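One structure below.
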Number of protein chains: 2
Amino acid sequence: MKLPGKTVERLSEYRRTLLECLNEKRNFIFSHDLAARLHITAVQVRRDLMLIGYSSVLRKGYDVRELIDTIGKIIDSELSMNVAVIGIGNLGRAVSGYFRGKRSKLNLVASFDNDPQKVNKVISGVKCYPYADFEKLIHELDIKIAILTVPPEFAREIAEEIVRFGIKGILNFTTISLNVPSGVYLEEYDMITSIEKVAYFVKENKL
Amino acid sequence: MKLPGKTVERLSEYRRTLLECLNEKRNFIFSHDLAARLHITAVQVRRDLMLIGYSSVLRKGYDVRELIDTIGKIIDSELSMNVAVIGIGNLGRAVSGYFRGKRSKLNLVASFDNDPQKVNKVISGVKCYPYADFEKLIHELDIKIAILTVPPEFAREIAEEIVRFGIKGILNFTTISLNVPSGVYLEEYDMITSIEKVAYFVKENKL
DNA sequence: AAGTGACTGTGAAAAAAGTAACAATAAATC
DNA sequence: GATTTATTGTTACTTTTTTCACAGTCACTT
């Protein structure tokens, strides 16, 4: 099954919302309800769920727990996948923190930095190793995905290196845009872009 | 002129890349060159620039400096727009830091928190005020946009409140999805979604 | 000065994403 | 148990976004 990238993103968001529902002790949810929480349409929800072949059993809506599992079967690996954060500045620590109440099979198993003040300590819930040990640890810990939160001037160099070491997916949070060979999946996010987008639409609204 | 959201995002990215070019002392760039740096196609670049009515003058490609300015005219406010970060934990500090080498008319003028340890200090380049003063300062400092980096349990409440106080755009980095009345522009970003997307495509690649 | 090559700008076509419309079905109400 | 109401799954349609394809332009070469 080949899912559109947009659907994959939404599935992740559905799961996040469904987990919130569980906290609220809601065990069933209607498509329009789920949709409203995510500011999308009910049709879109139903269509995405159609694509993954999930259907509601009762007329009470979707079974929250069941749907969480179904989504998990699609977007999680069968085996869990190990992740490392590279660069444990503010952003790196923030990202690490997000893994705390984690909701998927993704495990943050290590972080890396060069600062002697940080190295060999547990920071935001993960042990921070010296970056020099990356090559060794990528195998020992079976790390597949790296989240790059290093200063921009190091981004290119490090990206090249970790790909050589065998990283298969990179989430790049630096302001530098990277190049990776095919076979490696790269996702980039630049928060300034989001901020500028908000500013643009705020501005337009006034006109 | 009503630009597609996607184009607005890319314009911001073009500018980022063009500024990198300036650093490298490149004064002209071809569409395919710009495209390659952003992993998109040359046609897409040309089409976006067509939409904003910019054309290359020489056969040397686009004038980097001029294009930066042109993009600025479109996506920046004529007047600069003031921004505040709410919640100055790791993520808040990271976001604040991004404004340092700022490339647009967006000014980060304040941050807010409740922690007495943080309040009234300059953190990551901005003064941190007590959140209690938000209503007063939003007018004094003419804040239009808020970046939400508070713990999830406060997100909804604070969002409602700041909208009541007159905020016109919110960039929500919390894991909670918000609701805002029309007239307020909301952009949400959940990094876990990005991470899960990377994991999904890494997994699929193997099959 | 005609030919070639390198790029651009853009109309037309294709693909992707999103929406509307509705038959089908279960539950609730009378 | 018939009628109404609520909600889903899905097909067909619409809109948005991306790509194709190619004519047009300049600069360089011969």
Side-chain angles (χ1 to χ4, degrees), chain A residues 1-14 17-18 21 26-67 70-71 74-75 187-188 193 197 200-201 204, chain B residues 1-14 17-18 21 26-64 66-67 70-71 74-75 177 187-188 193 197 200-201 204:
Chain A
M1 177 174 28
K2 188 62 190 292
L3 259 23
K6 284 288 165 86
T7 297
V8 174
E9 284 178 20
R10 279 194 300 265
L11 286 175
S12 168
E13 288 162 3
Y14 296 157
T17 305
L18 291 166
C21 289
R26 283 175 121 289
N27 291 314
F28 290 92
I29 189 166
F30 297 128
S31 59
H32 59 258
D33 212 344
L34 186 51
R37 292 180 182 229
L38 288 159
H39 318 117
I40 58 176
T41 67
V43 192
Q44 183 129 67
V45 171
R46 298 207 298 271
R47 168 164 272 268
D48 284 334
L49 298 187
M50 187 186 113
L51 288 178
I52 66 169
Y54 182 76
S55 26
S56 66
V57 186
L58 302 158
R59 210 75 345 194
K60 300 228 158 174
Y62 300 95
D63 181 314
V64 173
R65 229 173 281 265
E66 216 174 273
L67 184 47
T70 307
I71 292 177
I74 311 276
I75 67 176
E187 173 90 10
E188 310 203 289
T193 296
K197 190 177 174 194
Y200 175 79
F201 285 108
E204 289 307 298
Chain B
M1 179 174 25
K2 188 61 191 293
L3 258 25
K6 283 290 168 81
T7 298
V8 174
E9 283 179 20
R10 280 193 300 264
L11 287 175
S12 168
E13 288 162 3
Y14 295 157
T17 304
L18 291 166
C21 289
R26 281 175 123 291
N27 291 314
F28 289 92
I29 190 166
F30 297 127
S31 59
H32 59 258
D33 211 344
L34 186 49
R37 293 182 183 228
L38 288 159
H39 319 117
I40 58 176
T41 66
V43 192
Q44 183 130 65
V45 170
R46 298 205 299 269
R47 160 118 5 221
D48 283 334
L49 298 187
M50 187 187 115
L51 288 177
I52 66 170
Y54 183 77
S55 25
S56 67
V57 185
L58 302 157
R59 209 71 350 193
K60 299 229 160 172
Y62 300 95
D63 182 314
V64 173
E66 215 174 274
L67 184 48
T70 306
I71 292 176
I74 311 276
I75 68 176
S177 131
E187 173 88 12
E188 310 203 290
T193 296
K197 190 178 176 194
Y200 175 79
F201 285 108
E204 289 308 299

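These numbers come from the heavy atoms of this one structure, side chains and all, not from hydrogens, waters or symmetry mates. So you know, we letter chains A, B, ... as the sequences are listed, proteins then strands, and number each from 1. Small disclaimer: the values here were computed from a predicted structure and weren't measured.
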Give the nucleotide from the list D:dT19, C:dG9, C:dC22 with an atom nearest to the side chain of B:Ser55. C:dG9
Is there a side-chain contact between A:Arg26 and A:Asp33 in this structure, where contact means two heavy atoms from C-beta onward sitting under 4.5 Å apart? yes
Toward the 5' end of DNA chain C, which comes first, A:Lys6 or B:Tyr54, by nearest nucleotide? B:Tyr54
Does atom CZ (A:Arg65) have a neighbourhood of more than 12 heavy atoms from anything else shown, all under 6.0 Å? no
Result of checking A:Ile71, A:Asp63, A:Val64 against A:Leu67 for side chain to side chain contact (heavy atoms under 4.5 Å, CB included): A:Ile71
Rounding to an integer number of Å, can you tell me how far A:Leu51 CG sits from D:dT8 C1'? 15 Å
Expressed in angstrom and rounded to an integer, what is the separation of A:Ile29 atom CD1 from D:dT8 atom P? 10 Å
Rounded to the nearest angstrom, tell me the gap between atom CZ in B:Phe28 and atom C1' in C:dC7. 14 Å
So if I take every side-chain heavy atom of A:Val43 and compare against C:dT8, C:dA20, D:dT7, which nucleotide ends up nearest? C:dA20
Going by the side chain to side chain contact (heavy atoms under 4.5 Å, CB included) test, name the single residue among A:Leu38, A:Val45, A:Val43 that passes it with A:Thr41. A:Val43
Taken to the nearest whole Å, NZ/A:Lys60 to C1'/D:dA6 is 13 Å
Separation of C:dG9 C1' from B:Phe30 CZ (nearest whole Å): 16 Å
B:Gln44 side-chain N/O to D:dT17 phosphate OP1/OP2 under 4.0 Å: no
A:Met50, nearest nucleotide to its side chain (from C:dG18, D:dT8, D:dT10): D:dT10
Report the distance from atom OH of A:Tyr62 to atom P of D:dA6, rounded to the nearest whole Å. 17 Å
Assign each of A:Pro4 and B:Arg46 to its nearest nucleotide of DNA chain C by heavy atoms, then name whichever residue's nucleotide is nearer the 5' end. B:Arg46
Quick one: is A:Ser31 getting a side-chain N or O under 4.0 Å of the D:dT8 phosphate, OP1 or OP2? yes
Here the distance between atom C1' of C:dG18 and atom NE2 of A:His39, to the nearest Å, is 18 Å
Close side-chain approach of B:Gln44 to B:Asp48, heavy-atom, < 4.5 Å: yes
Among D:dT7, D:dG9, D:dT17, which is the nearest nucleotide to the side chain of A:His32? D:dT7
Donor-acceptor pair under 3.5 Å, B:Arg47 side chain vs D:dT18 base: no
According to a strict under-4.0 Å criterion, is A:Ser56 in side-chain N/O contact with OP1 or OP2 of D:dT8? no
Are B:Arg10 and D:dT18 close enough that a side-chain N or O sits under 4.0 Å from OP1 or OP2? yes
